[in-house]
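Proteins get letters first, then strands, A, B, ... in listed order; numbering begins at 1 in each. What's counted below: heavy atoms across the whole structure, side chains too, no hydrogens, waters or symmetry copies.
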Amino acid sequence: MSGVKDYKEYMILDKLRGIKRAVLIGSGKGGVGKSTITALLGLRMRNLGISVGILDADLHGSSIPYILGMSSEVGVEAVKGGFKPLEIHGIKVMSLRMFVGDRPVPLRGERKKEVLKYLLSMTLWGTLDYLLIDLPPGMGDEQLTLMKYLKGPHVVVTIPTKTSIDVSLRYFKFVNDLGFNIPVIVINNLVNSTIDDELLTKLRKVAPVGKYIIIPYCSEIEYSLSTGTIPKIVIEPIDNLIDCIR
Amino acid sequence: MHEYSVAEGIVLSVKSLMREEGLSEVSEVTVSVGDLAQIDKEVLLELLKILSSEYGLGNVKYVIVSEETTFKCNYCGFSWSWSSVKDSILKDLCGDIVECDNPVHFIPDLINVFMKCPNCGSQDYSILTGYDVRLVSIKGVK
Ligand SMILES: Nc1ncnc2c1ncn2[C@@H]1O[C@H](COP(=O)(O)OP(=O)(O)OP(=O)(O)O)[C@@H](O)[C@H]1O
Ligand SMILES: [Mg+2]
Ligand SMILES: [Zn+2]
């Protein structure tokens with residue numbers, strides 16, 4: 001037999017074996033709070049005694065380590081068999097930031113796919129109840145690559161504006177058509193507006209999922225997450241979110 | 001350390017490919033190693049042998065072929081080789097010209113983060129040859 005084979009392909013399943021459930025957090029739209037919600041989920045799960053890891057799949061705009069208050073100086077540690085995830089506030093984190101620090105990451109699609117395959121095939125997650133995947137905005141290389149290997153439920157995030165809902169609904173269709181389970185849509189109220197019925201009706205019509213969860217506006221969210229704590233007003237909605245993805 | 005992961009990946013792949021191709025025995029495996037990956041080939045070979053017996057593959061002959069990594073700029077069209085710039089890039093990454101554990105050794109695709117086109121300074125270039133470690137061929141009996 002001859003022909004080039006990518007050895008990483010064969011390692012991925014092996015490395016994901018110890019993960020009970022992978023949850024992808026996405027949205028077609030940028031800046032709607034995907035990473036914030038991923039971090040909230042991670043911290044809350046940790047508080048509830050659930051073992052949890054976060055794969056920061058945003059190669060160009062990596063933000064999970066920063067959100068969780070990690071210094072950009074921390075580098076990756078390669079040990080026997082692969083890369084050791086960082087432990088931040090009791091959450092195992094793998095991010096490209098551990099490889100490149102503050103440098104920009106100019107990469108074309110094909111190469112991004114390979115970088116993600118590296119992270120999947122080399123990260124030593126061990127056993128985890130949940131692996132949360134913080135996706136970048138868009139419906140491109142990162143989403144398509146990760147959705148090939150990680151078949152768990154998908155959380156779609158939007159903010160309560162017409163523009164965001166418009167893009168998020170296309171994203172919903174994209175994920176839904178690929179056969180993924182979307183148990184919940186998160187409406188993250190980071191614009192601090194009243195959420196009117198017209199918006200909700202539009203959302204419910206196009207995206208008929210089990211649940212819609214509203215995360216309230218919270219001015220101290222950034223500071224709070226960087227110290228590993230969850231603002232009180234978001235605990236209940238995050239617990240509801242955890243119930244949806246169980 | 002990274003060589004261990006690569007060797008493990010190759011051995012796992014050979015095992016899976018044996019199953020896929022219905023081979024009862026594997027006699028020879030050829031692996032190509034692009035120099036950008038900075039893999040210690042002697043260490044890799046040694047680990048391949050050890051892991052092959054650990055994974056029950058028996059006595060496999062591993063052939064490691066070195067490939068020169070070359071790049072072509074997507075902006076100005078300039079071509080160059082890793083060996084022509086390696087010393088200066090590694091000096092930035094490792095502090096001296098001795099190869100060290102560095103991000104490009106772990107993930108060769110990340111070279112674009114750390115190297116610019118020597119002609120125009122662009123970070124948008126492709127890898128033409130010598131991309132990473134690849135399993136080229138497996139010889140065995142059905
Ligand atoms: N509920 C909230 N209340 C107040 N601020 C919020 C809330 N959710 C998120 N933010 C803030 O909004 C900004 C964008 O959030 P975040 O980075 O999580 O979005 P994102 O969707 O991950 O962005 P990207 O598409 O770039 O990955 C951040 O500064 C974050 O602190
Ligand atoms: Mg984000
Ligand atoms: Zn150039």
Side-chain angles (χ1 to χ4, degrees), chain A residues 1-17 59-62 72-85 94-125 141-142 145, chain B residues 1-23 26 28-32 37 47 51 74-75 92-93 100-116 122-127 131-140 142:
Chain A
M1 185 238 92
S2 72
V4 178
K5 284 276 171 179
D6 185 356
Y7 72 92
K8 300 193 290 297
E9 293 275 350
Y10 295 95
M11 295 170 80
I12 292 177
L13 284 182
D14 198 55
K15 288 292 193 302
L16 297 177
R17 194 157 292 147
L59 304 180
H60 305 295
S62 162
S72 63
E73 305 297 308
V74 184
V76 68
E77 197 186 332
V79 294
K80 200 173 169 183
F83 309 142
K84 212 174 133 186
M94 180 46 70
S95 167
L96 203 57
R97 209 181 173 95
M98 289 150 64
F99 295 80
V100 303
D102 289 334
R103 292 177 188 81
V105 179
L107 284 180
R108 287 180 181 249
E110 228 4 73
R111 309 279 290 286
K112 284 201 274 186
K113 189 173 117 192
E114 295 306 317
V115 170
L116 287 171
K117 274 158 72 178
Y118 259 107
L119 296 181
L120 291 174
S121 63
M122 294 272 177
T123 303
L124 300 162
W125 297 108
D141 300 282
E142 294 88 338
T145 301
Chain B
M1 266 315 171
H2 187 56
E3 277 79 0
Y4 184 95
S5 318
V6 174
E8 197 175 37
I10 290 168
V11 171
L12 274 175
S13 310
V14 172
K15 249 194 116 135
S16 307
L17 286 166
M18 271 180 84
R19 224 178 300 125
E20 283 170 27
E21 306 281 326
L23 302 176
V26 172
E28 191 177 296
V29 174
T30 306
V31 177
S32 86
L47 288 166
L51 288 168
N74 292 324
Y75 262 55
D92 282 350
L93 287 173
C100 67
D101 272 357
N102 63 74
V104 180
H105 174 46
F106 296 146
I107 308 183
D109 294 87
L110 293 179
I111 185 64
N112 293 61
V113 176
F114 300 95
M115 176 176 83
K116 293 187 164 128
S122 164
Q123 276 171 278
D124 180 19
Y125 45 82
S126 308
I127 298 177
Y131 171 72
D132 210 358
V133 179
R134 288 174 304 166
L135 196 51
V136 180
S137 67
I138 295 183
K139 275 187 209 153
K142 294 240 176 192

Visitor: Taking all atoms of both residues into account, what is the closest heavy-atom pair of S5(B) and G82(A), and its distance?
Guide: OG-N, 3.0 Å
Visitor: Against chain A, work out which of N102(B), T30(B), D132(B) has the most heavy-atom pairs shorter than 4.5 Å and name it.
Guide: D132(B)
Visitor: Can you tell which part of E28(B) gets under 4.5 Å to a heavy atom of chain A, answering side chain, backbone, both or neither?
Guide: neither
Visitor: Given a strict heavy-atom distance threshold of 4.5 Å, which part of V79(A) is in contact with chain B: side chain, backbone, both, or neither?
Guide: backbone
Visitor: For H2(B) and F83(A), take the angle between the two ring planes, folded into 0 to 90°, and tell me which bin it lands in: parallel under 30, tilted 30 to 60, perpendicular over 60.
Guide: parallel
Visitor: Can you tell me how far the CD1 atom of I111(B) sits from the CG atom of L107(A), to the nearest 0.5 Å?
Guide: 11.0 Å
Visitor: To the nearest 0.5 Å, tell me how far S16(B) OG sits from E9(A) CD.
Guide: 11.0 Å
Visitor: Pick one of side chain, backbone, both or neither for P104(A), based on which atoms fall under 4.5 Å of a heavy atom in chain B.
Guide: backbone
Visitor: Could you grab the distance from atom NZ of K8(A) to atom CD1 of I10(B), nearest 0.5 Å is fine?
Guide: 11.0 Å
Visitor: Which bit of V133(B) comes within less than 4.5 Å of chain A, counting heavy atoms only: side chain, backbone, both or neither?
Guide: both
Visitor: Using the rule given for side-chain contact (heavy atoms from CB on, under 4.5 Å), can you reason through D101(B) versus V76(A), listing the C-alpha separation, both sets of side-chain angles and the distance that settles it, and then say yes or no?
Guide: CA-CA 10 Å; D101(B) 272 357; V76(A) 68; over 6 Å; no
Visitor: Distance from F99(A) atom CZ to H105(B) atom NE2, nearest 0.5 Å?
Guide: 11.5 Å
Visitor: Does any part of the side chain of L96(A), heavy atoms only, come nearer than 4.5 Å to the side chain of V113(B), both counted from C-beta?
Guide: no
Visitor: What distance do S13(B) atom OG and Y7(A) atom OH have between them, rounded to the nearest 0.5 Å?
Guide: 8.5 Å
Visitor: Below 4.5 Å, heavy atoms only, C-beta onward: do Y10(A) and K15(B) meet side chain to side chain?
Guide: no
Visitor: Which region of Y118(A), side chain (C-beta onward) or backbone (N, CA, C, O), has a non-hydrogen atom less than 4.5 Å from a non-hydrogen atom of chain B, or is it both or neither?
Guide: side chain
Visitor: Please determine if D6(A) and R134(B) form a salt bridge, counting it only when a charged side-chain N lies under 4.0 Å from a carboxylate O.
Guide: no
Visitor: Who wins among M98(A), R108(A), E110(A) for the most heavy-atom pairs under 4.5 Å with chain B?
Guide: R108(A)
Visitor: Could you give all pairs that pass the side-chain hydrogen bond (donor to acceptor under 3.5 Å, both in side chains) test and reach residues 75-84 of chain A, with sequence neighbours left out?
Guide: none
Visitor: Give, for atom CE of M122(A) and atom CZ of F106(B), the distance between the pair rounded to the nearest 0.5 Å.
Guide: 10.0 Å
Visitor: Using non-hydrogen atoms and a 4.5 Å limit, figure out which bit of K112(A) sits close to chain B: side chain, backbone, both or neither.
Guide: neither
Visitor: Any chance you could lay out the side-chain contact (heavy atoms from CB on, under 4.5 Å) test for V100(A) and F114(B), step after step, and finish with the verdict?
Guide: CA-CA 9 Å; V100(A) 303; F114(B) 300 95; 4.2 Å; yes
Visitor: Quick check: does any side chain N or O of R111(A) sit under 3.5 Å from a backbone N or O of D109(B), one acting as donor and the other as acceptor?
Guide: yes
Visitor: Let me know if L59(A) has heavy atoms under 4.5 Å from chain B in its side chain, its backbone, both or neither.
Guide: neither
Visitor: Between V31(B) and chain A, which part of the residue has a heavy atom less than 4.5 Å away: side chain, backbone, both or neither?
Guide: neither
Visitor: At a heavy-atom separation under 4.5 Å, does N112(B) approach chain A through its side chain, its backbone, both, or neither?
Guide: both
